There are 2 protein chains.
Amino acid sequence: MLTIGKLGASAGVKVPTIRYYEQIGLLPEPDRSGGNQRLYPRSTLDRLSFIRHARDLGFPLEAIRDLLSLSDRPDQSCAAADAIASAQLASVRARLQRLKALESELERMVAQCACGTISDCRVIEVLGDHAHCAQDHHGAEPLLA
Amino acid sequence: MLTIGKLGASAGVKVPTIRYYEQIGLLPEPDRSGGNQRLYPRSTLDRLSFIRHARDLGFPLEAIRDLLSLSDRPDQSCAAADAIASAQLASVRARLQRLKALESELERMVAQCACGTISDCRVIEVLGDHAHCAQDHHGAEPLLA
DNA sequence: TCTTGAAGCTATAGTGACTAGAGCAAGTAG
DNA sequence: CTACTTGCTCTAGTCACTATAGCTTCAAGA
């Protein structure tokens, strides 16, 4: 049996995060010690490592919830899991596209800055007028979600 | 003078977002009409477009706040603006690196899925065991911030 | 002038995935 | 026995909005 601290250290997850996962139902409520402390079986380490790894790959918690419930039913088709992973791949690719465009725009902006005064600063000027931009990095989904 | 709706449409920003920007002090409180509706001068359109454009480029609002106060003092050195933009570029590049690693890991995962049952699903298996991975996409800063 | 519909107002709460803090209780090493 | 660490619960904060509820004001047509 593992305390929450050992579990977290083993899986590379912070203790409050584990309690948060329990709160949202991603981890089951474990048994408690006499003094009300959580005690986890080994199997929870596997589950938590799975979650951690999926988070590292950028899967949202809701997708991870689905993946976990799939992994509990080994006889079913893998198609659903494949769909979730493919969706994640597509989302990563979309963000890559967008970030690449931003990178080149920012590069141009910084490169052109001669570091004089604000009044002839390219950084400020370009931000003030989208017409200075090579691409249309307009809108689309938020960069950070 | 522009109503909040016209302002939003012109700048490509939703109306509640404009009110939010006012609330956090990124836009000044405008005069009101007799019926208590916000009325904006042209200059606010410039300011809002600046914000919008910087957000499109991924700058956080706090950085934008700094950039705006810089742009209000045209005689000062542009070095501070350059530093903010360079930091943003660095952050975009860091996220690009990370996303590229994730992309190839997800590609491998999805490509290996033969779409049988869950019990021999590569997607589930790889997520369950980090040792299957080519790279160490471990930790670092959160993908989405 | 009346009416209808769009656009505006305030205020509160929700999103995702945690993180931080306060103020305790329990476990452990010397 | 005494520190010290680890654990507990609960609340609130993060970022950049978005959504909802319930209300008022405005502009255009009949």
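The structure displayed is predicted, hence computed values, not measured ones. Throughout, a chain's letter reflects where its sequence line sits, starting with A, and its residues are numbered from 1.
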What protein N or O atoms touch nucleotides 18-21 of chain D N or O atoms at under 3.5 angstrom, if any, and at what distances?
unit_1: D:dT18; atom_1: OP2; unit_2: B:Thr17; atom_2: OG1; d: 3.3

Pairs: protein N or O with nucleotides 9-13 of chain D N or O, under 3.5 Å:
unit_1: D:dT9; atom_1: OP1; unit_2: A:Arg32; atom_2: NH1; d: 3.3
unit_1: D:dT9; atom_1: OP1; unit_2: A:Arg32; atom_2: NH2; d: 3.1
unit_1: D:dT9; atom_1: OP2; unit_2: A:Arg38; atom_2: NH1; d: 3.0
unit_1: D:dT9; atom_1: OP2; unit_2: A:Arg38; atom_2: NH2; d: 2.9

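- Cluster annotation: A:Met1 and A:Leu45 are assigned to distinct hydrophobic clusters (Ile/Leu/Val/Met/Phe/Trp/Tyr, side-chain heavy-atom contacts under 4.5 Å, transitive).
- In this structure, the CD1 atom of B:Ile4 is 13 Å from the P atom of C:dA7, given to the nearest Å.
- Computed from coordinates, the A:Arg65 CZ to C:dG16 C1' distance equals 12 Å when rounded to whole Å.
- Taking CD of A:Gln97 as the reference point, atom CG of A:Leu102 lies at 11.0 Å (rounded to 0.5 Å).
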message: Run the side chain to side chain contact (heavy atoms under 4.5 Å, CB included) test on B:Leu57 and B:Gln88 for me, step by step, so that the C-alpha distance in whole Å, both residues' side-chain angles and the decisive distance to 0.1 Å come before the verdict.
response: CA-CA 9 Å; B:Leu57 288 166; B:Gln88 175 63 12; 5.7 Å; no

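- For the atom pair B:Asp56 CG and A:Leu127 CG, the distance stands at 10.5 Å (nearest 0.5 Å).
- For B:Leu26 and D:dA16, the CG to P distance is 10 Å, given to the nearest whole Å.
- For A:Leu61, whose side chain is taken as the heavy atoms from C-beta onward, the closest listed nucleotide among D:dC8, D:dA16, C:dC18 is C:dC18.
- At a threshold of 4.5 Å between non-hydrogen side-chain atoms, the residues A:Thr117 and A:Asp120 count as touching.
- Taking CG of B:Leu39 as the reference point, atom OG of B:Ser33 lies at 5.0 Å (rounded to 0.5 Å).
- Between the CZ atom of A:Phe59 and the CG atom of B:Leu106 there is a distance of 5.0 Å, given to the nearest 0.5 Å.
- In this structure, the CD1 atom of A:Ile24 is 9 Å from the C1' atom of C:dG16, given to the nearest Å.
- At least one side-chain heavy atom of A:Tyr40 sits under 4.5 Å from a side-chain heavy atom of A:Ile4.
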task: I would like to know whether A:Arg42 and A:Leu2 meet side chain to side chain contact (heavy atoms under 4.5 Å, CB included); could you show each step before the answer?
output: CA-CA 7 Å; A:Arg42 286 274 148 195; A:Leu2 301 161; 3.8 Å; yes

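- To the nearest 0.5 Å, the span separating OH on B:Tyr21 from CZ on B:Arg19 amounts to 14.0 Å.
- Here the side chains of A:Met109 and A:Cys133 are not in contact, with every heavy-atom distance at 4.5 Å or above.
- If you measure from atom CE of B:Met1 to atom C1' of C:dG8, you get 17 Å, rounded to the nearest angstrom.
- Within residues 39-48 of chain B, no residue has a heavy atom under 4.0 Å from DNA chain D.
- At the phosphate of D:dA16, neither OP1 nor OP2 sits under 4.0 Å from any side-chain N or O atom of B:Tyr21.
- Along DNA chain C, the nucleotide closest to B:Gly35 and the one closest to A:Ser33 are compared, and the more 5′ of them pairs with B:Gly35.
- In this structure, B:Leu27 places its CG atom 14 Å from P of D:dA16, rounding to the nearest Å.
- Between A:Ile18 atom CD1 and D:dG7 atom P there is a gap of 9 Å when expressed in whole angstrom units.
- We find the CG-CG distance between A:Leu61 and A:Leu67 to be 11.5 Å, quoted to the nearest 0.5 Å.
- Rounded to an integer number of Å, the gap from NZ of A:Lys6 to P of C:dG27 is 15 Å.
- If you find the closest nucleotide of DNA chain C to A:Pro60 and to B:Thr3, the one lying nearer the 5' end belongs to B:Thr3.
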